[in-house]
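Worksheet for the structure shown next.
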Amino acid sequence: MDNSEKDKNSRRDFLSSTLMGVGLVASYGVATYYATQFVAPENKEKVFRSIYVSPEKNIPVGVSKTITDLKGRKISITNTGSGFTALSTVCTHLGCKVHWEGSKNAFYCPCHEGFFDSDGNVSQGPPPRPLDKYEVELIDGNIFVKIEEV
Ligand code: FES
């Protein structure tokens, strides 16, 4: 092996070592960024959007109306007689769809006979916690539901 070949090899070794080092630093940097985000996520302010439902008069006492937000989440707005509630239609047991049963004044989950009262609290069956609740706004006789943007 003559000197020019040795120089080529040492240059090639140096270049490949340098590129490997840069690659390692870059991949550790990306991994560190994601690990940091996982351990201490940025403290982002929550952003809410109001969704129009209907005029108050269109949902009389004991009646419920289901809407779908832009993310496809179904929300049930119910006139309980003492106000309006906005609840997720996803059962907190195993995620089946609950629906309002006006005659029983309750939300019913047909999967395992779960019942929730008009405020979304568990009244019977296996669901471990209440239905997810949304804030209702009444503006000039119209119903709006405040939904967090995710
Ligand atoms: S999924 Fe609703 S009661 Fe089991």
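Along the sequence shown, residues are numbered consecutively beginning with 1. Counting starts at 1 for both ligands and their atoms, in listed order. Excluded from the calculations below are hydrogen atoms, water molecules and symmetry mates; all remaining heavy atoms, backbone and side chain alike, are included. All values derive from a computational prediction rather than experimental measurement.
- The backbone N or O of Asp119 lies less than 3.5 Å from a partner atom in the side chain of Asp117, making a donor-acceptor pair.
- In the hydrophobic clustering, Phe115 connects to Tyr108, either directly or through intervening members, whenever side-chain heavy atoms lie under 4.5 Å apart.
- With no hydrogens or angles considered, no side-chain donor-acceptor pair links Lys146 and Ser50 at under 3.5 Å.
- Only protein N, O or S atoms were scored, and 2 of them lie under 2.8 Å from atom 2 (Fe) of ligand 1.
- Counting only N and O atoms by type, the side chains of Ser64 and Thr78 include a donor and acceptor under 3.5 Å apart.
- Closest non-hydrogen pair, Val122 versus Pro130, comes out as CG2-N, 4.1 Å.
- With hydrogens and angles ignored, the 3.5 Å screen pairs no side-chain donor or acceptor of Asn79 with any backbone N or O of Gly62.
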